[in-house]
Amino acid sequence: MDRLTSKLRNIVEVQPEDWKEGYTSYRRQLGLSITEMVKLAKHDLGMSREDARTLKAEFEACRAAIARHQEAYPMETLVLSAPGFVESFNRVDACFLGFRATMQRLIERYQVEFEGID
């Protein structure tokens, strides 16, 4: 997850000429990653109801931020220098950081060895 967010951030900051394919792929992979991590957590952690609600809320906040961002900046017309784009990107990135922190707390709480979040 960290690798993908770092690659996305680099594309936004550097804005290479061939950015679109990488940005599209990384954005899609990141969305799939959080979905898969929630599935794994539900299946493997044996979470309390409170922890399951916390994870669900964090996941839904991320998905909502992604949806708002993608609605405002669809890939078909996306220009990285568009007004408000970086701010919207930063809000989505902040959601990913919150989701990641929640996942790490849950993994530590339930003492599960988990590789791949970094």
Novice: Which residue pairs pass the side-chain hydrogen bond (donor to acceptor under 3.5 Å, both in side chains) test when at least one of the two sits in residues 60-80, sequence neighbours left out?
Specialist: Y23-H69, H69-S88
Novice: Side chains of D44 and Y110 only: does a donor on one sit below 3.5 Å from an acceptor on the other?
Specialist: no
Novice: Which residues pass the side-chain contact (heavy atoms from CB on, under 4.5 Å) test with N90, sequence neighbours left out?
Specialist: R9, V86
Novice: Which heavy atom of C62 sits nearest a heavy atom of I34, and at what distance?
Specialist: CB-CD1, 3.8 Å
Novice: Are the side chains of F59 and T35 in contact, using a 4.5 Å heavy-atom criterion?
Specialist: yes
Novice: Within a 6.0 Å radius of atom NZ on K20, are there more than 12 heavy atoms belonging to other residues, nucleotides or ligands?
Specialist: yes
Novice: List for me each residue that meets side chain to side chain donor-acceptor pair (under 3.5 Å) alongside S25, sequence neighbours excluded, and say none if there are none.
Specialist: Q29
Novice: Please examine the side chains of E58 and M103, heavy atoms only from C-beta on, and report whether any two atoms are closer than 4.5 Å.
Specialist: no
Novice: Checking S6 now: which residues fulfil side chain to side chain donor-acceptor pair (under 3.5 Å) with it, not counting sequence neighbours?
Specialist: none
Novice: Under a 4.5 Å side-chain heavy-atom rule over Ile, Leu, Val, Met, Phe, Trp and Tyr, are L30 and M75 clustered together?
Specialist: yes
Novice: Looking only at heavy atoms, what is the nearest atom pair of L55 and A41, with distance?
Specialist: CD2-CB, 3.6 Å
Novice: Looking at D2, L4, T5, which one forms a side-chain contact (heavy atoms from CB on, under 4.5 Å) with F96?
Specialist: T5
Novice: Take L78 and W19 through the test side-chain contact (heavy atoms from CB on, under 4.5 Å) and record every step on the way to the result.
Specialist: CA-CA 11 Å; L78 180 59; W19 66 269; 3.7 Å; yes
Novice: Could you list all the salt bridge (charged side-chain N to carboxylate O under 4.0 Å, His left out) pairs where at least one residue sits in residues 25-41, not counting sequence neighbours?
Specialist: none
Novice: Which residue pairs pass the salt bridge (charged side-chain N to carboxylate O under 4.0 Å, His left out) test when at least one of the two sits in residues 77-90, sequence neighbours left out?
Specialist: none
Novice: Might you work through the side-chain contact (heavy atoms from CB on, under 4.5 Å) test for M47 and R109, ending with a clear yes or no?
Specialist: CA-CA 9 Å; M47 293 182 287; R109 178 173 299 138; over 6 Å; no
Novice: How close do A65 and C95 get, heavy atom to heavy atom, and via which atoms?
Specialist: CB-SG, 3.6 Å
Novice: To the closest 0.5 Å, what do you measure between CD (E50) and CZ (R53)?
Specialist: 6.5 Å
Novice: How far does CD1 of I11 sit from CD of E13, to the nearest 0.5 angstrom?
Specialist: 11.0 Å
Novice: First locate atom CG of L106, then atom OG1 of T54, and finally report the distance between them rounded to the nearest 0.5 Å.
Specialist: 7.5 Å
Novice: List the steps, then state whether side-chain contact (heavy atoms from CB on, under 4.5 Å) holds for V79 with F85.
Specialist: CA-CA 8 Å; V79 175; F85 173 78; over 6 Å; no
